[in-house]
Amino acid sequence: MASNGTAANGFDFEFSSPRSPAAAAAAATAGGLVPNGLSKINTKKPLSREVCKDDTTAPLKGVQNVDELHALQKKKASAPSTPKNPATNPSTPKNLTPRAYMSEEERHKQQMQSISASLASLTREVGPQVVKGDPAGKGTASKSVIAPRLDMSDSALKFTHVLYNLSPAELYEQAIKSEKGSYITSTGALATLSGAKTGRSPKDKRVVKEETSKDDLWWGKGSPNIEMDEETFLVNRERAVDYLNSLEKVFVNDQFLNWDPENQIKVRIISARAYHSLFMHNMCIRPTPEELEDFGTPDFTIYNAGQFPCNRYTHYMTSSTSIDLNLKRKEMVILGTQYAGEMKKGLFSVMHYMMPKRGILSLHSGCNMGKAGDVALFFGLSGTGKTTLSTDENRYLIGDDEHCWSENGVSNIEGGCYAKCIDLSSEKEPEIWNAIKFGTVLENVVFEEYSREVDYTDKSVTENTRAAYPIEFIPNVKLPCIGPHPKNVILLACDAFGVLPPVSKLSPAQTMYHFISGYTALVAGTVDGVKEPTATFSACFGAAFIMLHPTKYAAMLADKMKRHGATAWLVNTGWSGGSYGVGKRMKLAYTRKIIDAIHDGSLLEAEYEATPVFNLAVPAKVNGVPTEVLHPENSWADKKLYNETLKKLAGLFQKNFEVYTDYKAGNHLKLTEEILAAGPQLPKDM
Ligand SMILES: Nc1ncnc2c1ncn2[C@@H]1O[C@H](COP(=O)(O)OP(=O)(O)O)[C@@H](O)[C@H]1O
Ligand SMILES: C=C(OP(=O)(O)O)C(=O)O
Ligand SMILES: [Ca+2]
Ligand SMILES: [Mn+2]
C-alpha cells in the first residue's frame, strides 16, 4: 500500500511498494515514484520537540482503565417509553392485569416468576433459584425471586442462570464459549454438531393417554402416537427439569407459532444449549420487544434436556431417547437426543391437534404465492422438495414446511426455514445458498479447517446436513407470512422406483387417495438410521406428526379444496429412466419447469393421456421438459422391468391402503367406492 502524508510520529514520508502495481501507479501520479520503480523515502526533522502522541483523536472521556473501556462497549436498550393503553389496545383482553402500567422492575419480576414456575420441580417444595443473566457476566444477574431456605436439599441453594431470549450474536458467543464443535463458517453461519442423533427418532415419541384428548387421538396400527401414562410423563419431566436445574445456565425462548394473529400460540422453549436456543429463535416467530413484555404465561412449553438420557428402567422406555408429549399439561419433554428438528416437529404435532379442534387444517407443506396472488401448497415427506420448490425466485415465499388453512386463507406456523444442504449449490438453489450467513445455524456440515469454507458434498457426519435460518433471509419472502386460499395443491413424491410420471393432474378422488397414502421413497438421513431410499407410505404426507385419524385431515382438505376451487397435481421429484441404482434423480431444472407450468395455468390447458395401472392424467407437453421424460415407460430401457416395477409399486399402494378401508366415524372423510377406485388397479391376471 502507498500512503503519503504526515504520520503520527511527525515525520513526513512517501512510500510506494513495488509489490503492488496499482499502488505504485497511484503513488507515481502523486509524484512520489523514482524512475527505477523503487520507493523514495523522505525524512524531515520533527516540527516540534513535543512528546509523541499515539494518534490525533480526542481522548476517551472519563475512562480510567480497561474495565471502564469495556463497559462502554455495550449500550443498554432503552426502556419502552410509550405505555400501550389497554382500553384502546384491542389486543389486550380486559380481564388481564394491565401489564403496560407495570414498572419495569415489576414486569421483570413477573417474567422471572413465570420462568421459575416452568423450571420448578413437581416433587420438591424448593428448587434451584432462577436468576437472569450469564453467570460469567458481572452485574447482569438480578435478585432471585424465591427467598432461600436452609431446610431443603442442596439443590435448593443453587442458582440456575436464565439466558432469556438472547440475540443471535449473544448466542454465537455462548455457543463458541461453551459448546464444543461450534464454529463460525466463512459466510458467517454458526456451524454446530447435533451429537449422536443426526435425524428424528419417531420410534421414541410418546403421547400421554389422558382424558382430555384420548378420544380425539389416533391410536394403534399406523399411528405415530405410542401411548405413555401421566405418571411416567412426570417421571421424565422431573428428570429433564432436574437436569436443566443442575446446570449453571439454561436458555429460555419465549416465541410465537402461526402468523394468523387470531390463532397464534405462545411457546416457551427451555434448553441447555445455545445451539437449541438459536435454532428455535430462527424457526419460531420472533416477538417484538413490546410483544415480549406482554408475553405472560406460555400456551405450550418444551423442556429440552437432550444431552441427558432417559432412564431405561422407566416404564414405556425402549431406548435412552424419549420425546414425550402431554397435551393436557401442554408440555413436551426431550431426553436423549440433541437433534433440533425434534423441537420444531414436536410443536408441529401440537398444532396438528390444536388447530383442527378450531376447524383449521394444519398442513405438512411448503407454500408460496405468485405476483398475482395465486397460492400453491407443496405437500410431501422429508426430502421430496417442499423447501427447495417453495423457495422460488419468481414467487413470494410464505413458508417451507408447516402451514394452517383457515377460513381466512393460509398462514405459516413458523418464522424460519429448515433446508437440507447436502450437495447444495449456489447455481441450483441460490436463495438458500445466500441465506447461509450470520445468524443461520448449520448442522453437522464439514468445513475446511483454515478457511472455514463449507463442503456441502461432504457426508462424513450425516447426509442430513441442515441450515436453519429466519424466513426473512429469503429475499422474496411474503411478510406477514399469510396468503389467500390456495389455487394449486401439489403432492410431491420422490419415487425411488422411477415409475410415477414427473407430473399428473389428479381428480378429487385421486387427490384424497394419494393424500391419505402419502407415498414417497424415504431419502437417507432425516429419520435416524435410514441410509438407503426405500418406499414409504405416510398418511397426509406426515404421519409422524399427525395426532388425529388421517381421514379427519383428508375430509377438511377435500372440503376446502372444493369450496375454493383448488386443483391438485402429483409431482414425482424422484427417479427417472429406471429405479434407484439404474435411473437418475429427476433434474431439478425440469421439476422447476413443471412447477412453473402449474403456476402459470398453462398445464391446466394441456392435453392429457391416462397411464396404465395408476390411471394418472399425464400432459402431452410441458414447456422446457423433454417429452420422453413425461411418460416414464419411454425413459426406461427395459420395458418389461418397467411394467413389473409399476405393478410392484401398485401392490404396495394397495396393501398400504387396506388399513383405511373400514374406517368410518363422525365428520371424517367417508372412504367411498370412488376414492378406493381412484387408486392403482392391477389387471385381473396379476
Ligand atoms: N427434481 C428435484 N426436485 C426437488 N428437489 C430435488 C430434485 N432433485 C434433487 N433435489 C434435492 O432434493 C432435496 C429436497 O429436499 P427439501 O426441499 O429439503 O425437501 P423437504 O423440504 O420436502 O424435506 C434438496 O436437497 C434438493 O436439492
Ligand atoms: C425437519 C424435518 O423436515 P423436512 O425434512 O420435511 O424438511 C424432518 O422431517 O425432520
Ligand atoms: Ca424442508
Ligand atoms: Mn418438512
Side-chain angles (χ1 to χ4, degrees), residues 194 197-202 205 224 279 282-283 323 337 339-349 363-368 377-392 397 399-403 413-414 416-433 435 441 443-444 456-457 459 462-469 490-496 498 500 502-503 518 520-528 530 533 536 538 541-545 571-576 580 583-595 625 629:
S194 69
K197 302 273 179 184
T198 57
R200 281 181 295 103
S201 309
K205 187 177 155 192
F279 178 90
N282 291 351
M283 295 309 299
I323 301 112
T337 172
Y339 182 64
E342 295 289 5
M343 294 184 283
K344 158 197 159 64
K345 281 296 181 10
L347 289 174
F348 189 36
S349 298
L363 317 157
H364 186 210
S365 77
C367 181
N368 66 19
L377 296 177
F378 299 81
F379 284 100
L381 288 168
S382 186
T384 56
K386 294 181 300 298
T387 301
T388 299
L389 299 170
S390 56
T391 309
D392 182 331
L397 178 66
D400 81 320
D401 199 52
E402 307 176 6
H403 291 84
I413 289 174
E414 302 180 288
C417 302
Y418 194 31
K420 281 184 207 14
C421 358
I422 203 70
D423 296 326
L424 184 68
S425 79
S426 59
E427 295 76 39
K428 287 187 200 152
E429 298 182 67
E431 294 84 9
I432 294 175
W433 178 275
V441 176
E443 283 177 330
N444 302 320
Y456 289 107
T457 66
K459 303 174 183 172
T462 176
E463 278 217 36
N464 189 32
T465 54
R466 294 274 187 156
Y469 46 87
I490 301 167
L491 308 185
L492 302 170
C494 177
D495 176 27
L500 292 183
V503 61
T520 197
L522 204 64
V523 171
T526 300
V527 172
D528 197 52
V530 178
T536 327
S538 180
F541 292 101
F545 325 116
V571 170
N572 174 14
T573 64
W575 271 251
S576 175
Y580 174 80
K584 286 223 159 63
R585 182 105 189 240
M586 194 75 60
K587 280 200 168 71
L588 180 54
Y590 293 164
T591 302
R592 288 208 195 274
K593 288 284 177 200
I594 287 167
I595 302 290
V625 183
V629 174

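Only heavy atoms go into these numbers, but all of them, side chains included; no hydrogens, no water, no symmetry mates. In each ligand, atom 1 is the first atom listed, and ligand 1 is the first ligand listed.
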Are any of the N or O atoms of [X] closer than 3.5 Å to those of ligand 1?
{"X": "Asp400", "value": "no"}
{"X": "Arg585", "value": "yes"}
{"X": "Gly385", "value": "yes"}
{"X": "Leu389", "value": "no"}
{"X": "Ile422", "value": "no"}

Does [X] reach ligand 1, in the sense of a heavy atom lying below 4.0 Å from it?
{"X": "Ser382", "result": "yes"}
{"X": "Arg592", "result": "no"}
{"X": "Gly383", "result": "yes"}

| request: Would you kindly check if the NZ (Lys) or CZ (Arg) of Lys197 is within the cone defined by 45 degrees around the ring axis of Tyr339 and under 6.0 Å from the six-membered ring centre? | output: no
| field | Ligand-side contact atoms (ligand 1) for residue partner Glu429, heavy atom cut-off under 4.0 Å | value |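 Listed by number with element: 26 (C), 27 (O).
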| query | Atoms of ligand 1 less than 4.0 Å from Thr384 heavy atoms? | reply | 19 (O), 22 (O)
| query | When you look for heavy atoms under 4.0 Å from ligand 2, do you find them on the side chain of Arg466, its backbone, both, or neither? | reply |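 Looking at Arg466 and ligand 2, just side chain atoms fall under 4.0 Å.
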| said: Counting only heavy atoms closer than 4.0 Å, does ligand 2 sit against the backbone of Asp401, its side chain, both, or neither? | reply: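 For Asp401, the contact with ligand 2 is made by the side chain alone.
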Numbering as shown, the atoms of ligand 2 that approach [X] to under 4.0 Å (heavy-atom distance):
{"X": "Lys386", "result": "6 (O)"}
{"X": "Arg200", "result": "8 (C), 9 (O), 10 (O)"}
{"X": "Lys344", "result": "1 (C)"}
{"X": "His364", "result": "6 (O)"}
{"X": "Tyr418", "result": "1 (C)"}

Distance-only, no hydrogens or angles: does the [X] side chain make a donor-acceptor pair with backbone N or O of [Y] under 3.5 Å?
{"X": "Asn282", "Y": "Ala468", "value": "yes"}
{"X": "Ser390", "Y": "Asn368", "value": "no"}
{"X": "Asp495", "Y": "Leu500", "value": "yes"}
{"X": "Arg466", "Y": "Glu443", "value": "no"}
{"X": "Lys386", "Y": "Asp401", "value": "no"}
{"X": "Lys420", "Y": "Thr387", "value": "no"}
{"X": "Glu342", "Y": "Ser201", "value": "yes"}
{"X": "Asn572", "Y": "Gly498", "value": "no"}

| query | Under 4.0 Å from ligand 1, counting heavy atoms only, is it the side chain of Lys587, its backbone, both or neither? | reply | backbone
| task | May I ask you to say whether Lys428 pairs ionically with Asp423, meaning some side-chain N is under 4.0 Å from a carboxylate O? | result |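 No, this pair does not count.
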| task | Ignoring hydrogens, just give me the one of Ile432, Leu381, Leu588 whose non-hydrogen atom is nearest atom 4 (C) of ligand 1. | result |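 Heavy atom nearest to atom 4 (C) of ligand 1 belongs to Leu588.
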| said: For Ser382, state whether at least one heavy atom is located under 4.0 Å from any atom of ligand 2. | reply: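 Within the 4.0 Å threshold, so yes.
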| field | Student check: side-chain heavy atoms of Thr384 and Phe541 closer than 4.5 Å | value |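 No, too far: nothing below the 4.5 Å cut-off.
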| said: Taking distance alone, with N or O pairs closer than 3.5 Å, would you say Lys345 contacts ligand 2? | reply: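 Yes, Lys345 has an N/O under 3.5 Å of an N/O on ligand 2.
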| request: Let me see the working for Thr388 and Glu429 under side chain to side chain donor-acceptor pair (under 3.5 Å), right down to the final yes or no. | output: CA-CA 7 Å; Thr388 299; Glu429 298 182 67; 3.1 Å; yes
| said: Pairing donors with acceptors under 3.5 angstrom, does anything connect the side chains of Asn444 and Ser194? | reply: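 Asn444 vs Ser194: donor-acceptor pair found between side chains.
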